[in-house]
Amino acid sequence: MTPLANIARKHGLNLISYADDTQLILSLTNDPTSARTRLHEGMKEVANWMTDSRLKLNTEKTEVLILGPTPTAWDDSWWPPALGSTPQPTDHARNLGFILDSSLSMTRQVNSVTSACFNTLRMLRKIFRWIPTDTRKTVTHALVTSRLDYGNALYAGITIKLQRKLQRIQNAAARLILNIPRHNHISGHLRKLHWLPVNKRITFRLLTHAHKALHNRGPELINHRISFYTPPRTLRSTGQALAAVPRIRKATAGGRSFSYLAAKTWNSLPSHLRAIQDHLHFRRQLKTWLFEH
């Protein structure tokens, strides 16, 4: 795979690989024409490398996803003929099991999680009457709440309507574990299970990623997305471990980016939490603070 990464870098393409899954990422913001040329030439060189390596690209498993509010003209000029027929852009694609749609609204992902979790809960309901509470909690976490938490930092900034869909899953799981009637109030029971509500679970995951990135302990992809604020001169904010909040063009898109939303949320924390450097200690204190607020 090393030659493939070298080809990508040579043509200004970002390459992300996980096991046998490879993604090429290209920004179209500054110069779409140049981007088209770079992708075409880069993929042409990839085709040569595959031929030399006796490999063949499976176009049926190759997806093109164009992100952003402005549609981009996609035609055969983007794709070299040596790689076969040009794949057509799709409105959504799976990335390690997480569904990304072209507008990044997360609607398809939330609907998929909602359907899968409620189907699982209906099956568990048939056997839970014979299972003790501790075992119910373990099984539910393994099959339901873990799916609810998977990649949940990407849910930051989603609509209230989608948040409520996810919250209904957690409420139903808690009722099943504790055998609570459907119309009973659930907040106290969530605290009894030591479960943060969905919106706070999203905030918790976003801030733990931010803490890692600010202290250079996270993945390289996000470490450079957020940094501590350094004032031009000595101010009251000096030494308060505030994050630098970047300027954004549009609140609808830029406001949901990690670099902006993580920095804004980080700065809303009390100073004693921002000052914690040990990651495990930060996670414990953050969860306690979220329960209390």
Side-chain angles (χ1 to χ4, degrees), residues 1 4-47 49-50 56-113 150-159 161-162 219-222 224-225 246-262:
M1 296 298 289
L4 183 59
N6 293 335
I7 293 171
R9 282 192 290 267
K10 175 182 174 181
H11 294 277
L13 306 173
N14 292 321
L15 183 140
I16 300 176
S17 296
Y18 183 83
D20 62 344
D21 183 43
T22 301
Q23 301 168 30
L24 291 174
I25 301 174
L26 178 63
S27 174
L28 307 177
T29 305
N30 298 325
D31 189 354
T33 303
S34 172
R36 177 185 291 139
T37 303
R38 283 186 286 133
L39 180 62
H40 185 92
E41 294 301 318
M43 294 307 293
K44 187 189 296 184
E45 194 166 339
V46 168
W49 170 74
M50 297 189 82
K56 183 179 179 181
L57 181 72
N58 189 342
T59 53
E60 293 182 0
K61 292 186 176 181
T62 301
E63 295 179 300
V64 175
L65 182 65
I66 300 176
L67 304 175
T70 304
T72 300
W74 175 272
D75 51 40
D76 291 345
S77 63
W78 290 84
W79 198 255
L83 285 175
S85 58
T86 305
Q88 295 305 307
T90 180
D91 60 352
H92 69 280
R94 284 188 177 272
N95 185 359
L96 299 181
F98 199 98
I99 303 174
L100 297 175
D101 56 83
S102 55
S103 61
L104 294 179
S105 68
M106 305 302 169
T107 302
R108 281 183 176 270
Q109 168 65 14
V110 171
N111 290 340
S112 174
V113 169
Y150 178 66
N152 64 349
L154 295 174
Y155 295 139
I158 62 173
T159 63
K161 180 180 178 180
L162 293 180
E220 185 180 347
L221 285 170
I222 67 169
H224 68 282
R225 300 281 179 185
R247 293 183 179 181
I248 58 173
R249 293 184 180 180
K250 294 183 179 179
T252 53
R256 291 179 52 203
S257 65
F258 177 79
S259 55
Y260 176 81
L261 193 56

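Annotation for Ala156 and Leu261: closest pair CB-CD2, 3.4 Å, computed over non-hydrogen atoms. In this structure, Ala35 and Ser27 approach most closely via the heavy-atom pair CB-O, 3.9 Å. Of all the heavy atoms in Ile66 and Pro89, the pair that sits closest is CD1-CG, 4.1 Å. For the pair Gly12 and Leu26, the tightest heavy-atom approach, listed with the atom from each and the gap, is O-CD1, 4.1 Å.
Few gaps surround CZ on Arg38; more than 12 heavy atoms of other groups in view lie less than 6.0 Å from it.
Residues meeting the side-chain contact (heavy atoms from CB on, under 4.5 Å) test with Pro87, sequence neighbours left out: Thr62, Val64, Trp79. Considering only residues two or more places apart in sequence or on other chains, Arg9 meets the side chain to side chain donor-acceptor pair (under 3.5 Å) condition with Asn6. Judged as a side-chain contact (heavy atoms from CB on, under 4.5 Å), and not counting sequence neighbours, the contacts of Leu65 are Leu67, Thr90, Ala93, Leu100, Ser102. Every residue was checked against the salt bridge (Lys or Arg N to Asp or Glu O under 4.0 Å) condition with Asp75, not counting sequence neighbours, and none meets it. Applying the side-chain contact (heavy atoms from CB on, under 4.5 Å) test to Leu154 and every residue at least two apart in sequence or in another chain returns Phe98, Met106. Not a single side chain to side chain donor-acceptor pair (under 3.5 Å) links Glu41 to another residue, sequence neighbours left out. For Glu63, the salt bridge (Lys or Arg N to Asp or Glu O under 4.0 Å) test picks out no residue, with sequence neighbours left out. Taking the salt bridge (Lys or Arg N to Asp or Glu O under 4.0 Å) definition, one finds that Lys10 meets it with Glu45, sequence neighbours left out. Evaluation of the side-chain contact (heavy atoms from CB on, under 4.5 Å) rule for Ser17 yields Met1, Leu15, Thr22 as partners, not counting sequence neighbours. Applying the ring pair (Phe, Tyr, Trp, His ring centres under 6.0 Å) criterion to Trp74, with sequence neighbours excluded, gives Trp78.
For the pair His40 and Ser77, the minimum side-chain heavy-atom distance is 4.5 Å or more. Contact of the Leu24 side chain with the Asn14 side chain is not registered, since no non-hydrogen atoms from C-beta on lie closer than 4.5 Å. Between Val113 and Tyr150 there is no side-chain heavy-atom pair separated by less than 4.5 Å.
Put simply, the side chain of Arg256 gets close to the backbone of Leu104: a donor and an acceptor are under 3.5 Å apart.
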Report task. Run the numbers on Leu96 and Asp21 for side chain to side chain contact (heavy atoms under 4.5 Å, CB included), then give the verdict. Result -> CA-CA 8 Å; Leu96 299 181; Asp21 183 43; 4.1 Å; yes
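Sorted by first then second residue, the ring-ring contact (aromatic ring centres under 6.0 Å, His included) pairs that include residues 6-34, not counting sequence neighbours, number zero. Screening residues 83-107 for salt bridge (Lys or Arg N to Asp or Glu O under 4.0 Å) gives Asp91-Arg108 as the qualifying pairs, with residues at least two apart or on separate chains.
Asn111 CG to Ile99 CD1: the interatomic distance, rounded to the nearest 0.5 Å, is 9.0 Å. Distance check, rounded to the nearest 0.5 Å: OG of Ser259 to NE2 of His224 gives 9.0 Å. Atom NE2 of residue His92 and atom OG of residue Ser112 lie 9.5 Å apart, to the nearest 0.5 angstrom. From Ile25, atom CD1 reaches atom CD1 of Ile16 across 3.5 Å, with rounding to the nearest 0.5 Å. Note that CD1 of Ile7 and CH2 of Trp49 are 7.0 Å apart. Values are rounded to the nearest 0.5 Å.
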